[in-house]
Peer 1: 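What follows is a structure written as structure tokens; I'll ask about it next.
Predicted, not measured: the structure shown is a model, and the values here were computed from it.
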Amino acid sequence: MNFYKSVFIGLLLLGTISGCTQKQPEPLYDNVVVIDQLVIDENSVPIFPKMAALTTDTARRFSIELPKRCEVDWNNQNVVSVVPYETIEIVRLGIGDELPSLQVSDYEFRDLTVKRALDKLLDGTDISVVEDEPLYEKISGSISSGALSDAIELMTKMGRAYYSYDAANGELHLTHRAKWLIKMPQNETIIMALLDAMHGADMRNLLVDWDDKTVIFEGNYQTEREVAKIIADISAKKFMLAWDIDVYRVYPRTDNPIVWMNLLPAFGDKNIKMSIPGVVGRALVVSPEINTKTLQEFMAQQANVVLISQGTFAIPNGWQSRFDIGQCGREERLETDLIIGASGTYGDFAGRNKIDAKIVLRTSQGELSSFTIPSSVGDNYVFIGIPTHSFVTTPETLISPYAELVVFMSPRVISIADSATGDFDASNELIGDALRDFLQD
């Protein structure tokens, strides 16, 4: 009896334990991590720290100009092209309503601020002068006779100020700053050169409408003078220079550098016209036989070749500009910091028409190397022997010590011809006999 009682109690306990085990809930998550008292699992919503209200990097780098700067059509490249002369016009915006048709005569002002001089001029009229910001420049002069609008324009220019007229309120507003619109030529190469010149004059907030070819900018009296000088200089030029560029990183396949002397048997010494050593690297002036295609084929025999940047830039004859490797390449490249600067003229060079250029390779740490290169139209430049280690900033690197940067540059001449005199050829290119005649002129 005691035996059966013990068995019964044992079965009852086993059933109870079994029942409790079956009622245990199954785990909800396979992986649970506790961080700062927060349960993190695969179904959790990620939590990010609050970021500052700044423009994202990809939006900041957006630019309509980049496809125009960073693409080169090597299959349709004209070493000499002719574009028609077009007037570049600058117009001030926001001058307000038209001033009344009044005449000024025998008016004299001495050592007065612009506001006081205009108050005196407009005394007896319904026009009041309002300074939108303090103007301290003092002016002196006299006006024998003329229109009121001409007198106000003259006096504000003397005081390096700008005016706008509000006819409804009878107010003439004065300020140090103004806004202008530049009507650009149709040729995009000239537009890019003008924009680069304005960037070089430290004008950053340029609003470019590529559809109607206009540029809007703001500035003061000094800004207006700088832009007027740039426009006048570009308009006076008969030529512009442009360079198309390929930049390669070259990895030799063996523990040896590229043997550049093999260029001579590969292409012939007549196609290597000049060799110019620099502090770092060497510049070769080569014939059209050595182009991007044939150069890559030669390098590929000894190394792996990677195109890391490509683009184009232009300058008015006698000016200088630059090409930023990082602007037209991936930002993680070691060479992103490299800038290729160029200045040059096209014209008479000891009795021959040549492109006389200075090419400078520069980083944020300073000048890396520079080359003075006189060349004929149609010649190309190849820069060799620039170690990739020049751009390594860490004590150690996985980059081979024999890896190097190779830059290919192809200069172009853009002739600006006056269509009114019949100098402009609508075909917009010079080839064959026309090119030979142009080079002999």
Peer 1: Distance-only, no hydrogens or angles: does the Thr394 side chain make a donor-acceptor pair with backbone N or O of Thr397 under 3.5 Å?
Peer 2: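 No.
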
Peer 1: Under the ring pair (Phe, Tyr, Trp, His ring centres under 6.0 Å) test, which residues partner Tyr107, sequence neighbours left out?
Peer 2: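 In terms of ring pair (Phe, Tyr, Trp, His ring centres under 6.0 Å), with neighbours along the sequence ignored, Tyr107 is linked to Phe109.
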
Peer 1: State which residue, out of His176, Arg177, Glu224, Lys157, fulfils the side chain to side chain donor-acceptor pair (under 3.5 Å) condition with Tyr162.
Peer 2: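 Of His176, Arg177, Glu224, Lys157, side chain to side chain donor-acceptor pair (under 3.5 Å) with Tyr162 is met by Glu224 alone.
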
Peer 1: What I'd like to find out is whether the side chain of Ser275 reaches to under 4.5 Å of the side chain of Arg282, using heavy atoms alone.
Peer 2: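 Contact flag for Ser275/Arg282 side chains = yes.
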
Peer 1: Just checking Arg110: does its CZ atom have more than 12 heavy atoms from other residues, nucleotides or ligands closer to it than 6.0 angstrom?
Peer 2: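 It does: Arg110 CZ has more than 12 such atoms within range.
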
Peer 1: Are there more than 12 heavy atoms of other residues, nucleotides or ligands under 6.0 Å from atom CG of Asp73?
Peer 2: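 More than 12 within 6.0 Å, yes.
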
Peer 1: Write down the atom of Ala151, the atom of Ile143, and the distance for their closest heavy-atom approach.
Peer 2: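 Reported closest heavy-atom pair: CB-CD1, 3.5 Å.
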
Peer 1: Spell out, as yes or no, whether a donor-acceptor pair under 3.5 Å connects the side chain of Glu404 to the backbone of Gly385.
Peer 2: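 Yes.
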
Peer 1: Are the side chain of Glu335 and the backbone N or O of Phe391 linked by a donor-acceptor pair below 3.5 Å?
Peer 2: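 The answer is no, because no donor-acceptor pair under 3.5 Å joins these two groups.
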
Peer 1: Tell me whether the count of non-hydrogen atoms from other residues, nucleotides or ligands lying under 6.0 Å of CG in Asp126 goes above 12.
Peer 2: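 Result for CG/Asp126: open.
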
Peer 1: In sequence, state the C-alpha distance, the side-chain angles, and the governing distance for Thr388 and Arg249, and then conclude on side chain to side chain donor-acceptor pair (under 3.5 Å).
Peer 2: CA-CA 8 Å; Thr388 302; Arg249 188 192 290 176; 4.7 Å; no

Peer 1: In terms of the angle between their ring planes, are Tyr346 and Phe239 parallel, tilted or perpendicular, with boundaries placed at 30° and 60°?
Peer 2: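 Perpendicular.
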
Peer 1: Residues two or more places apart in sequence or in another chain: which of them pass side-chain hydrogen bond (donor to acceptor under 3.5 Å, both in side chains) with Glu367?
Peer 2: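 Once residues adjacent in sequence are excluded, the partners of Glu367 under the side-chain hydrogen bond (donor to acceptor under 3.5 Å, both in side chains) criterion are Ser370.
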
Peer 1: Of all residues at least two apart in sequence or in a different chain, which pass the side-chain hydrogen bond (donor to acceptor under 3.5 Å, both in side chains) check with Asp209?
Peer 2: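 side-chain hydrogen bond (donor to acceptor under 3.5 Å, both in side chains) list for Asp209, sorted by chain: empty.
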
Peer 1: Among all residues two or more places apart in sequence or in another chain, which pass the ring pair (Phe, Tyr, Trp, His ring centres under 6.0 Å) test with Tyr221?
Peer 2: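 Scan of Tyr221 (ring pair (Phe, Tyr, Trp, His ring centres under 6.0 Å), adjacent residues dropped) gives none.
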
Peer 1: Taking all non-hydrogen atoms of both residues, which atom of Thr372 and which atom of Ile276 are closest, and how far apart?
Peer 2: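 For Thr372 and Ile276, the tightest heavy-atom pair comes out as O-CD1, 3.5 Å.
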
Peer 1: So which heavy atom on Gln103 is nearest to which on Ala147, and how close?
Peer 2: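 Closest pair (atom of Gln103, atom of Ala147, distance): OE1-N, 3.8 Å.
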
Peer 1: Mind checking whether Ile315 and Trp243 have side chains closer than 4.5 Å, heavy atoms only?
Peer 2: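 Yes - at least one pair of side-chain heavy atoms lies under 4.5 Å apart.
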
Peer 1: Would you check if the side chain of Thr363 reaches a backbone N or O of Gln365 as a donor-acceptor pair within less than 3.5 Å?
Peer 2: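 Judged by distance alone, yes, a pair lies under 3.5 Å.
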
Peer 1: With heavy-atom distances below 4.5 Å as the criterion, would you say the side chains of Ser390 and Leu368 are in contact?
Peer 2: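 Yes, at least one pair of side-chain atoms sits under 4.5 Å.
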
Peer 1: So, do Tyr85 and Pro185 sit near enough that their side-chain heavy atoms are less than 4.5 Å apart?
Peer 2: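 Not in contact.
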
Peer 1: Considering non-hydrogen atoms only, spot the tightest contact between Ile191 and Gln186 and give its length.
Peer 2: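 Heavy-atom minimum between the residues: CD1-O, 4.4 Å.
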
Peer 1: Nearest 0.5 Å, what's the CD-CH2 distance between Glu89 and Trp180?
Peer 2: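 Rounded to the nearest 0.5 Å, the CD-CH2 separation comes out at 15.0 Å.
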
Peer 1: For Lys138, what residues pass the side-chain hydrogen bond (donor to acceptor under 3.5 Å, both in side chains) criterion, not counting sequence neighbours?
Peer 2: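 For Lys138, no residue satisfies side-chain hydrogen bond (donor to acceptor under 3.5 Å, both in side chains) once neighbours in sequence are set aside.
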
Peer 1: So which heavy atom on Ala117 is nearest to which on Met155, and how close?
Peer 2: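 For Ala117 and Met155, the tightest heavy-atom pair comes out as CB-CE, 3.5 Å.
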
Peer 1: For ring pair (Phe, Tyr, Trp, His ring centres under 6.0 Å), just list the numbers for Phe383 and Phe371, CA-CA rounded to whole Å, side-chain angles, deciding distance to a tenth of an Å, and then say yes or no.
Peer 2: CA-CA 10 Å; Phe383 299 90; Phe371 306 88; 5.3 Å; yes

Peer 1: Check whether any side-chain heavy atom of Ile272 sits under 4.5 Å from a side-chain heavy atom of Trp260, and report yes or no.
Peer 2: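 No, every pair of side-chain atoms sits at 4.5 Å or beyond.
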
Peer 1: Nearest 0.5 angstrom please: Glu108 CD to Ser140 OG, how far?
Peer 2: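 Interatomic distance, Glu108 CD to Ser140 OG, rounded to 0.5 Å: 9.0 Å.
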
Peer 1: How close do Thr175 and Leu135 get, counting heavy atoms only, and between which atoms?
Peer 2: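 Closest approach of Thr175 to Leu135: C-CD2, 4.2 Å.
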
Peer 1: Would you say Ser376's side chain and Lys354's backbone share a donor-acceptor pair under 3.5 angstrom?
Peer 2: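 Looks like no, no N/O pair under 3.5 Å.
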
Peer 1: Using residues 289-307 as the side-chain source, report each donor-acceptor pair under 3.5 Å to any protein atom, sequence neighbours left out, with the distance given to one decimal.
Peer 2:
residue	atom	partner	partner atom	Å
Asn291	OD1	Lys293	N	3.0
Asn291	OD1	Thr294	N	2.9
Asn291	OD1	Thr294	OG1	3.2
Thr294	OG1	Glu289	O	3.0
Thr294	OG1	Asn291	N	2.8
Thr294	OG1	Asn291	O	3.4
Gln296	NE2	Tyr248	OH	3.2
Gln296	NE2	Thr292	O	3.3
Gln302	OE1	Val259	N	2.9
Asn304	OD1	Arg253	NE	3.4

Peer 1: Can you measure from CD1 (Ile190) to CE (Met240) and round to the nearest 0.5 angstrom?
Peer 2: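 Taking CD1 in Ile190 and CE in Met240, the distance rounds to 5.5 Å.
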
Peer 1: Take a 6.0 Å sphere around NZ of Lys179 and say whether it holds more than 12 heavy atoms from other residues, nucleotides or ligands.
Peer 2: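 At most 12 heavy atoms, drawn from other residues, nucleotides or ligands, come within 6.0 Å of this atom.
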
Peer 1: With rounding to the nearest 0.5 angstrom, report the CG to CD distance, Leu195 to Glu65.
Peer 2: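 Nearest 0.5 Å value for the CG-CD distance: 5.5 Å.
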
Peer 1: Has Ser410 got a side-chain atom pairing as donor or acceptor with Asn380's backbone, closer than 3.5 angstrom?
Peer 2: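 Pair absent, no side-chain N/O of Ser410 close to backbone of Asn380.
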
Peer 1: Taking C-beta and beyond as the side chain, do Leu118 and Ile152 meet within less than 4.5 Å on heavy atoms?
Peer 2: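 Yes, at least one pair of side-chain atoms sits under 4.5 Å.
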
Peer 1: So, the side chain of Ser369 versus the backbone of Leu361: is there a donor-acceptor pair under 3.5 Å, distance only?
Peer 2: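 Here the side-chain-to-backbone pair does not exist.
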
Peer 1: For Met192 and Thr312, run side-chain contact (heavy atoms from CB on, under 4.5 Å): C-alpha distance rounded to whole Å, both residues' side-chain angles, the deciding distance at 0.1 Å, then the answer.
Peer 2: CA-CA 10 Å; Met192 300 293 278; Thr312 184; over 6 Å; no

Peer 1: Is it the case that atom NZ in Lys68 sees more than 12 heavy atoms from other parts of the structure closer than 6.0 Å?
Peer 2: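 Atom NZ in Lys68 is crowded, with more than 12 foreign heavy atoms closer than 6.0 Å.
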
Peer 1: Any side-chain heavy-atom pair from Val129 and Leu121 closer than 4.5 angstrom?
Peer 2: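 With C-beta onward as the side chain, the pair stays apart.
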
Peer 1: Under the side chain to side chain donor-acceptor pair (under 3.5 Å) definition, can you give me all pairs with a residue in residues 317-328, not counting sequence neighbours?
Peer 2: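 Every side chain to side chain donor-acceptor pair (under 3.5 Å) pair that includes a residue of residues 317-328, provided the two are not neighbours, is Asp233-Trp319, Arg322-Asp324.
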
Peer 1: Please, which pairs that meet side chain to side chain donor-acceptor pair (under 3.5 Å) have at least one residue in residues 91-100, sequence neighbours excluded?
Peer 2: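 Residue pairs with at least one partner in residues 91-100: there are none.
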
Peer 1: So, Asp379 side chain and Ser375 main chain: donor-acceptor pair closer than 3.5 Å or not?
Peer 2: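 Not a single qualifying donor-acceptor pair exists.
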
Peer 1: For residues 141-155, which residue pairs qualify under side chain to side chain donor-acceptor pair (under 3.5 Å), counting only residues two or more places apart or in two chains?
Peer 2: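 Every pair satisfying side chain to side chain donor-acceptor pair (under 3.5 Å) with a residue in residues 141-155: there are none.
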
Peer 1: Test of understanding: with side-chain hydrogen bond (donor to acceptor under 3.5 Å, both in side chains), list the residues that count as partners of Thr345, not counting sequence neighbours.
Peer 2: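 Once residues adjacent in sequence are excluded, Thr345 has no partner under the side-chain hydrogen bond (donor to acceptor under 3.5 Å, both in side chains) criterion.
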
Peer 1: With Tyr402, which residues qualify under ring pair (Phe, Tyr, Trp, His ring centres under 6.0 Å), at least two apart?
Peer 2: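 Applying ring pair (Phe, Tyr, Trp, His ring centres under 6.0 Å) to Tyr402 gives none.
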
Peer 1: Does the side chain of Ile325 come within less than 4.5 Å of Ile340's, by heavy atoms?
Peer 2: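 Counting from C-beta outward, Ile340 and Ile325 do come under 4.5 Å.
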
Peer 1: Quick check for you: to the nearest 0.5 Å, what is the distance between Phe313 atom CZ and Asp196 atom CG?
Peer 2: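 CG of Asp196 is found 8.5 Å from CZ of Phe313.
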
Peer 1: Taking only residues two or more places apart in sequence, or in another chain, which ones meet Phe408 in a ring pair (Phe, Tyr, Trp, His ring centres under 6.0 Å)?
Peer 2: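 Partners of Phe408 under the ring pair (Phe, Tyr, Trp, His ring centres under 6.0 Å) test: Trp74.
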
Peer 1: Going from CZ on Arg412 to CG on Asp244, what distance comes out if it is rounded to the nearest 0.5 angstrom?
Peer 2: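 If I round to the nearest 0.5 Å, the distance is 4.0 Å.
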
